[in-house]
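Structure, as structure tokens:
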Amino acid sequence: MSGTVAPNAVAAVSEARQWDRLMQMAKLGAIPGDGVNRGCLTELDRQARRLLISWAEGLGLAVSIDVLGNLFLRQEGTEPGLAPVLTGSHMDSQPNGGRFDGIWGVIAGLEAVQALKEAGVATKRPIEVVAWTNEEGSRFAPGCMGSMAYAGYRPPETWDAVTDNEGLTFGAELKKLLELEADLPRRGLGVVDGPAPFAYVEAHIEQGPRLEADGLDIGVVEGIQGSRWFIVEIKGKSDHAGTTPLRLRKDAVQDMLRVIAALNELTQDPDDVLRFTVGRIEVSPNSSNSVAETARFTIDLRHPDKQVLTERGDAIERVVQGALKTCTATVTERFNAAPGTFDPMVPDAVEKAAKAQGLGTLRMASGAFHDAQFMMPLCPTGMIFIPCRGGVSHHPSEYSEPGQLAAGARVLAAVLADLANR
Ligand code: GLV
Ligand code: MN
Ligand code: MN
């Protein structure tokens, strides 16, 4: 079926409509330099959800929401009892983020479904577009909460007490969202309450430089490297900066510097594959003439090889404790997404669709984590990458051209038509 009718659906993808929707979304949380700051479960996130719902309802899609706030837009299949094909991504952004990370995967899903409808392409299986709650993990850490709960990887109440910078909890903010969306039909939570989807495919900007450098259109994603997040909290003692001799201090910042230096040693990698990032530091009392009492910093550690990630990650606690001179420290792990390789079913479908459309492809792994990582154990999963300028992401200057975004949506439309007719 897909061989004959998918070309009509591919042709019905509208570059202008998709771009216009992305730019409408980009207004919700716009920051200088064409960026977006749309934190998860903020009023802006709620407005973005309402906008998406208005488009979906205009298309006659059935909208529903689960206990984690994951939002689903369903196009019924001709055999509605069959497991659906799921596509989508996230609508939250980094605090200093761009206009495409996440949101494009949701808008591309909507565009592909609209194109299928306009081309009169009915599929056997239902197609559901999902907007996962809190992929970024920057307002409430960690990321991928929505997909982790959907996959049964963690119970839905796991993160209720997680706070943002203002001390608001994820649980209270989620409750507020669900109350505001009380008119939406509630659905069960993923595979906790129901069967697994037939397949999951997520469209996303590459967030790296390879496609652009090679002049290629589509990344056929074969897997995702693993990520582990830790919080290190160093406890010392606050004293007067002018009167307290260094030998009597328990200076949390000085011990933090020792700890980070030791972690840099631990994470040395001559091949430059292991990624170690300290992206956030909080010091208290954070005063220039007081010795720091506490220093708290995040670790983001990534590697494609599970063994390397396990060994280096498991060594962090020992290295932290060994590097301290005067203070004490605790190390807490709060995210662990194992590296994985996708079942070939979806990547093969992506490659076939892209080649049929005359697009240049590259088989590649994802350096960023994605909700797809938590779908991988549930069903055949894959991702479609498109180039982004300079490989830049998590920054206002993040950019993909309307034509590149449309090419990705066309591949997605063909892949959905293919998978949803199997
Ligand atoms: C996702 O945003 C990541 O940090 O990889
Ligand atoms: Mn993303
Ligand atoms: Mn991101």
Side-chain angles (χ1 to χ4, degrees), residues 22 25-26 29 31 35-40 45 48 52 70-71 87-109 129-148 200-211 219 221 223-231 273-280 298-304 309 313 334-340 364-376 381-388 391-400 405 408 412:
L22 283 166
M25 282 290 182
I31 55 173
V36 171
N37 177 4
R38 191 168 54 240
C40 158
D45 183 10
L52 180 72
N70 297 316
L71 195 58
T87 186
S89 194
H90 59 97
M91 301 175 75
D92 62 321
S93 82
Q94 286 284 311
N96 193 38
R99 294 175 289 176
F100 307 96
D101 174 3
I103 187 66
W104 175 58
V106 178
I107 299 297
V129 180
V130 57
W132 301 110
T133 296
N134 191 26
E135 190 274 350
E136 292 290 3
S138 38
R139 181 179 181 204
F140 298 108
C144 296
M145 286 182 189
S147 49
M148 281 198 277
Y200 176 70
V201 52
E202 178 166 352
H204 207 283
I205 62 168
E206 181 196 343
Q207 304 184 277
R210 295 185 60 197
L211 291 172
V221 185
I224 309 184
Q225 74 170 338
S227 304
R228 295 178 75 175
W229 281 10
F230 301 84
I231 288 259
V273 176
L274 186 66
R275 309 261 191 265
F276 167 70
T277 306
V278 174
R280 179 172 180 156
T298 59
I299 296 173
D300 180 311
L301 187 73
R302 308 194 190 201
H303 198 278
L309 193 65
R334 55 183 183 166
F335 184 58
N336 190 338
M364 62 192 303
S366 173
F369 62 72
H370 297 283
D371 294 301
Q373 209 147 350
F374 293 96
M375 298 304 291
M376 212 184 312
T381 294
M383 294 189 74
I384 300 170
F385 276 178
I386 56 156
C388 56
V392 174
S393 179
H394 285 190
H395 189 267
S397 62
E398 175 183 283
Y399 183 73
S400 295
L405 295 153
L412 180 61

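Numbering of ligands and ligand atoms starts at 1, following listing order. Scope of the values below: all heavy atoms of this structure, side chains included, with no hydrogens, waters or symmetry mates.
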Report task. Sort out for me which residue in His395, Arg139, Glu136 forms a side-chain hydrogen bond (donor to acceptor under 3.5 Å, both in side chains) with Gln94. Result -> Glu136

Query raised in the report: Do ligand 1 and Ala368 have nitrogen or oxygen atoms that lie under 3.5 Å from each other?
Result: no

Query raised in the report: Is a donor on one side and an acceptor on the other found under 3.5 Å between the side chain of Ser89 and the backbone of Val106?
Result: no

Query raised in the report: Less than 3.5 Å between some nitrogen or oxygen of His394 and one of ligand 1, yes or no?
Result: yes

Report task. Starting from the Mn ion (ligand 2), look over the N/O/S atoms of His204 and name the nearest one. Result -> NE2

Query raised in the report: Given Arg302, His204, Glu135, which one has a non-hydrogen atom that is nearest to atom 3 (C) of ligand 1?
Result: Arg302

Query raised in the report: Step by step, would you call Ile386 with Phe100 a side chain to side chain contact (heavy atoms under 4.5 Å, CB included)?
Result: CA-CA 11 Å; Ile386 56 156; Phe100 307 96; over 6 Å; no

Query - Which atom of Gly39 lies closest to which atom of Asp92, heavy atoms considered - result: C-CB, 4.4 Å

Query raised in the report: For the residue pair Pro387 and Leu211, what are the closest heavy atoms and their distance?
Result: N-CD1, 3.7 Å

**Report entry** Nearest non-hydrogen partners of Ala203 and Leu412, listed with the distance
**Finding:** CB-CD2, 4.4 Å

Query raised in the report: Quick one: are His303 and Val273 in side-chain contact, heavy atoms under 4.5 Å?
Result: yes

Report task. Sort by chain and number the protein N/O/S atoms that are closer than 2.8 Å to the Mn ion (ligand 3), and list them. Result -> Asp101 OD2, Glu136 OE1, Glu136 OE2, His394 NE2

Query raised in the report: Between Asp101 and His394, is any side-chain donor less than 3.5 angstrom from a side-chain acceptor?
Result: yes

Report task. List the steps, then state whether ring-ring contact (aromatic ring centres under 6.0 Å, His included) holds for Phe369 with Trp229. Result -> CA-CA 12 Å; Phe369 62 72; Trp229 281 10; 5.7 Å; yes

Query raised in the report: Does ligand 1 have any atom sitting under 4.0 Å from a heavy atom of His370?
Result: no

Query raised in the report: Can you tell me the protein heavy atom closest to atom 2 (O) of ligand 1 and the distance?
Result: Glu136 OE1, 2.9 Å

